[in-house]
Structure formats: C-alpha cells, structure tokens
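One structure is given below, encoded as structure tokens.
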There are 2 protein chains.
Amino acid sequence: MEASGKQRPTMADVAAKAGVSRALVSIIFRGRPGASQETRERVLRVADEIGYHPDSAARLLARGRSRTLGVMFTVHQTFHSDLIAGIYPEAERLGYDVLLSAATHGRGEAKAVEALLSHRCEAVILLGSGAEAAYFDELARRAVTVSVSRRTPQAHVDFVHSAEGKGVRQAMDYLVELGHRRIVHIDGGRGPGSAERRRAYRAAMRRHGLEAEVRVIPGEHTEESGIDTGRLLLAERDRGLPLPTAVLAGNDRCAWGLLMTLTRAGVDVPGDLSVVGYDDSHLSHLMPIGLTTVRQDAVLMAEHAVRFAVERLEHEGAEPREAVLDPKLVVRGTSGPPPGGSA
Amino acid sequence: MEASGKQRPTMADVAAKAGVSRALVSIIFRGRPGASQETRERVLRVADEIGYHPDSAARLLARGRSRTLGVMFTVHQTFHSDLIAGIYPEAERLGYDVLLSAATHGRGEAKAVEALLSHRCEAVILLGSGAEAAYFDELARRAVTVSVSRRTPQAHVDFVHSAEGKGVRQAMDYLVELGHRRIVHIDGGRGPGSAERRRAYRAAMRRHGLEAEVRVIPGEHTEESGIDTGRLLLAERDRGLPLPTAVLAGNDRCAWGLLMTLTRAGVDVPGDLSVVGYDDSHLSHLMPIGLTTVRQDAVLMAEHAVRFAVERLEHEGAEPREAVLDPKLVVRGTSGPPPGGSA
DNA sequence: GCGCGCTACTAGCGCGCTCTAGTGCGAGTA
DNA sequence: TACTCGCACTAGAGCGCGCTAGTAGCGCGC
C-alpha cells in the first residue's frame, strides 16, 4: 500500500491469473455470449480478487463509440441540479456514461464544453446555455448537441424546453382571476426562456386589458436580482408609490430573493403582494410557505434530452428535434387575492 | 454536416495535411521544444482548419499519467458548488484536468466514484463524503484520495477541513457575549463536521456555565431540517414554552430553512432570536439581511485539496496530510443581542 | 577532412482495450 | 467414415496518442 504504487491491474493480468485469453476476459466483461458459465464466474472472481476494474479510457478508444454523454451546467443554478439528477438514471438505462463539466465564473461555457469533447463525449447536453446560434452550429458539427432550456431556432441542434408562453399565461390568468391588476414581471435578461416569458407576460396583460399596467423590471435568473428588485419596490413604496399586487419573477431563485427581501421588510406575502416563480426547482416546495411557481418537470426534461441525444447517435441522419413540454402552474402559499379584494 | 458523420480528425490527418510526421504534431501540441517556430505555426493553423482537437482518452492512455482529478460531489449541496468553482482554476494552474461526478438520490457515492476511477482519474477529491474509513482505505489503494469536509482520522487519505471546534467556539463566544443564554444547536446528523460541531457546542456551553441550557436538536444539512426545527420551535412557543434566543444551525442551508420559517411566522430575527449558520456558502451574503455564519473559505479549501492531490501524485510515497483551515465568524444581519438585553 | 554538438524532425513501439476472423473440438447427420 | 454445425475460446490488428531512440543536416573548430 505505498502511496503511489497504484499499478492498476489490466485485463491481461486477469487473463493470466485465470488461465484464459485476454479476449475472453473482454467478452465476459462486456457480457457478450461466447463464454461458458463456469469460466465466466471464475474470471469474474479472479478479477475481483486482484481488484480489476475496466479502464474506460482504453475501452472508449478501442471501440469507436464512447457511449458517453457530456453535460455542461452552470454552478449554483439549482434547476440544473434537478436536471442532472434526472439525466443520470435515464443515461444509465440506455447504457450511456455521463460526464459533467461546470461553467463557473472564470470558466466559460466553451471551455467546459471543450473539456467534455476532448474526453470523447459523443453528445453534449447543454443546460441553460447562453451561447449563440453560430456556436451551436459549430458544436453540432463536432458532436450531437442538445440544448435544454435555451432555444435558438436557427441552430441545427435538438432542443428541450417548456412552452414558456403557456406557463406564463397560466400564471397570469390565475393572477388576474384573483383580481390582480398591478402585475409586474422581473425578467431574466439574456437567461434561457426569458424572451419568451417576457413576451407572454406582455401578451397576457394586453389580452386582459391591462396594457397600461405593463411593467417589466430588468433582471437575471439569480437571487441577487430578486433582492435588488425587492429593494427597488420598497424604495418606491417609501416614496409613496403603490406596490404592485403581484410579481411574476424570472425564475425561482429570483422569486426567492424577492420574497426574502419583502418579507423581511414586513410586507405580507401573499396578503399584500403575491409572488410567482418559475421552474419549480427543489427549493420552491422547501420554502416554509411553498412558492407558487410554474413547474417545469426537470426529470421529464432530462429524460427527453438524454433520449434525443441517444436517438440521434443511434439513428444516423435524424433531423434535429424539439421537445416542448407543457409547464404547469403550481399554486402554493405565496399567492392569493390582492389586498382589498381587488387592485 | 450529416447528423453523424462526425469523424474526428486525428493527429495523422493534421500531419499529412501539414506534410510533417505525426510525432512532430504531437510535440507541437504538447508545447515541447523540438519544432521550429514556422512549422509550429503552420501545423497549428492546419489543425485549426480541419478542426482537430486532441483526444484526451488516447492521450491519457498513451502517457501513463492521465493528469486528471476526479471530483465527487452531492447535487444540491450549495457549498459543493462553491468548492467546485475553486477547484477548476487551481487544477488548471497545475496542469490538471477535472472530471465531475455527482451523487444523487439513487446514485450513491460509490457509483459516482467508480465512474471517475474508470475514467482514469489519478486522484479523487470527495466533497463532504459520508463514507466510512474502510471505504476510504480501499479507495486509497486505488487512487490518491482527498476528503474535503469529512474527516475520518483512521483512514489513510488526505483531509481538508476547517477547525470546526474553533468556528463553533467563535460563534458561541460571540453569542454569549451578546448576552444569549438559551442557545440551541441544530446538528447535522451524520453530515461532515457535525460531530465536531456538536462537541464544540457542548463544550462551549459548559465553559460558559450554561450546561443546564444545552439543547441539541437532531437535524441534517438541508433546508428541510431547518424548516422542521422552525416548526418545532414555533409549536413549543405556542404551547407556552419560551423560544431560544439564539440558534446555531448545522450549516447555512439549515439556517436558511429555519430563518424562512421563523420570519414568516412573525418572529423578528435578530430581535427575538439570532440565527447563526455554518459554511458561508454563497447564499449567505445573498440573504437580504446577510446570514451571520462561520465562514469556511471554499476557495482556500479547494486549493488545498487540489494541491494535496497533485503533490501526492508527483512525489511518491508522501504521507497523507491534513489541512485544518481556520474558519472565521462573519457577523451579518441575523444576529444581535437577545430580547430584553439578556436572556 | 573529421568529429562535435545542436536543431529539426521521424520511426515505431506500446498504453488497455474491442473486435474480426479465425481454431479446435465434440455432437449430430447422412 | 466424412461432413457440417455450434460452442468455447484465441490470435492479432488497431483505436489515437506519447515517447524513446533514433537520423539528417548544418555550422564550427582544428
């Protein structure tokens, strides 16, 4: 057990010790027919004894295919964690390996993706990528590419996202029905889905005859953004302006920041103001009074993404596809009728 | 651009097109001396033209060393995100690649680690592992192993963690000095560092002559745990029992859940009750009034972990080491004097 | 002219595995 | 007996690289 004498045993070691050929060991480890039951058991036992574990790198090099999916995600994006949790089981079910690479501050998406590609991922699944169509296309030339959440219609890759419009519409209809009129939207800037959500918000307001009340506050998909907006609204209130009666946040993280800020300042949610999020990331049902939010089913989205990738890999020449999942409004504790029964 | 004609170009392609040998291309891509400036530029240009990118799998197989660090983390653990963000730059600085593998519900640590190992990671960095000493030892035989946050003294691996005792002591001294006496601790169950924190809490209470007030509420390092505790305390209050004046949570996530629950129920933090977290994960300064917490410097911890791994890899036979970083109490908005000036 | 050192480059083996094209052998068939 | 067939197993090429041990060519000193 010296610190660094870690000579990994190889197939040849197993073969020698079991008194068979290397090829047979390979057959056995791949679970192919062509070995008798006894030999199979003996070889596996020997392998276990000497601590043999197959080497993916060599395996992956030897067969042309790597059967590996690369996933690019952004650190601290809670919804990405939900997606990752859904990707693993589906990939495993289909016999694929998963490699993760994170984009962080100082390590851009491109770098994260490059790492995946250089490890021979056959397909890349991008979670909430902020890249442009040209980049998607370039990527598509190198590997099967699936973009989750971010839709860039021009690009020649698979997309999985939810029908942002429908989600927003449900939320808006719900709020209006409760009597809200002063409904503000914090948008997600260049974040995935933001443009569609913003557009749907505007459309819904118009449809309900509330165009005069339309107000989009620029934001991001971060807690900071919600906090900033909270401060902004409180400052306005202190200057005598009325608070909105409902806020549709860009995503759950933003809603959360807003909620914290307002609640701490004594604003009663949902008594004084309703807050609706977007994503239904695992945080939202954790909030003590659950967050009313538009649910994107992370597991379903993850499964679609994996399946798209695998199908494109296994059936050559398939055209890129798009999965548009129906989001669903989940009413929890942060929403209710506006103060005074109507705005 | 057919969907799946992705024949990656190889070194041989570059060599042929540039009219040099494969070996020279290799030299150039490794940045070794032995090629003239012009040839270097020409080859790189050609490589770029045909879209050549080196293949890690082959590279890794060819040189014995993979120069790859594997990182096992748990999905949804915010602090792990902070650590990951710190690991990348340090690894890159030292010329190492990083592979991530997540443990999720249904995909245990062992599985996540196995994936890393099979991709030939030379070292494994475990973030907040819940494994036992025996597992660490077995792992240590297969690869250099560094455990972050979780300390298991018996095991023959490197450890990076913070001086839990010191951190808790600082927090407790601070609270007591403010006049708190009814200080409750929500522990982290089997979570990393919990045992030490619990012990330190008890010791501090005793040292301040408050053993009669010692109260440890069993918990976990999750938001749920904080929420549950919050409900428990509120229920007690409703039955006429006094609230504690301060709560030392197991980590920030737990503190957060508690904070949400209490705040929503109208408890004034820090007026009625102070809350202190642990970790200083990026959430804590995001809370509208920042969370008073014990700061573990994620970046520093990450750097230590990477350096430990690399040093063990490059200097054979080095003995396992332990880095104990000093945590530091960060006083923000969730703590203050107890109601009435003293408990 | 010769050996010397230096730079610029090449030949070819081997990393640990997969996979195609086999070989040997006993049972079944005519 | 001669043959085919199927099963259990093996030989060996090759995946894309890294790397050691070279070679070719050139300027230099004597």
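Just so you know, these numbers use all the heavy atoms, side chains as well, and skip hydrogens, waters and symmetry mates. Below, chain A is the first sequence line, B the second, and so on; all start at residue 1.
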Is it true that a side-chain atom of A/R190 and a backbone atom of A/G130 form a donor plus acceptor pair closer than 3.5 Å?
-> yes
Given B/E122, which of B/R63, B/R67, B/R65 fulfils the salt bridge (Lys or Arg N to Asp or Glu O under 4.0 Å) condition?
-> B/R65
A/R30 or B/R120: which one's nearest nucleotide on DNA chain C is closer to the 5' end?
-> B/R120
Any donor-acceptor N/O pair under 3.5 Å between C/dT18 base and A/R32 side chain | no
Do any N or O atoms from the side chain of A/R120 and from the backbone of A/L61 form a donor-acceptor pair under 3.5 angstrom?
-> no
Answer yes when A/K111 and A/E114 have at least one side-chain N-carboxylate O distance shorter than 4.0 Å, and no when they do not.
-> no
5' to 3' on DNA chain D, which nucleotides open and close the contacts with chain B (atom under 4.0 Å from a heavy atom)?
-> D/dG16 to D/dC19
Under 3.5 Å for both distances, Watson-Crick or G-U wobble, that's the pair rule; now give the dot-bracket for DNA chain D, with | marking pairs to another strand and [ ] for crossing ones.
-> ||||||||||||||||||||||||||||||
Kindly check if the number of other-residue, nucleotide or ligand heavy atoms within 6.0 Å of NZ (B/K17) is above 12?
-> yes
Using a 4.0 Å heavy-atom cut-off across all strands, classify A/P33 as base, sugar-phosphate, or nothing.
-> nothing
For B/D97, does its backbone N or O pair with a side-chain atom of B/T68 as donor and acceptor, under 3.5 Å?
-> no
Between B/R8 (side chain) and B/H53 (backbone), is there a donor-acceptor pair under 3.5 Å?
-> yes
Please check if the side chain of A/D55 supplies one atom and the backbone of A/T10 the other of a donor-acceptor pair under 3.5 Å.
-> no
Between the protein and nucleotides 6-9 of chain C, which nitrogen or oxygen pairs come in under 3.5 angstrom?
residue	atom	partner	partner atom	Å
C/dC9	OP1	B/T39	OG1	2.9
C/dC9	OP2	B/S36	N	3.0
C/dC9	OP2	B/S36	OG	3.4
C/dC9	OP2	B/T39	OG1	3.1

So, the side chain of B/S281 versus the backbone of B/T78: is there a donor-acceptor pair under 3.5 Å, distance only?
-> no
Whether B/Y96 side chain and B/A309 backbone form a donor-acceptor pair below 3.5 Å = no
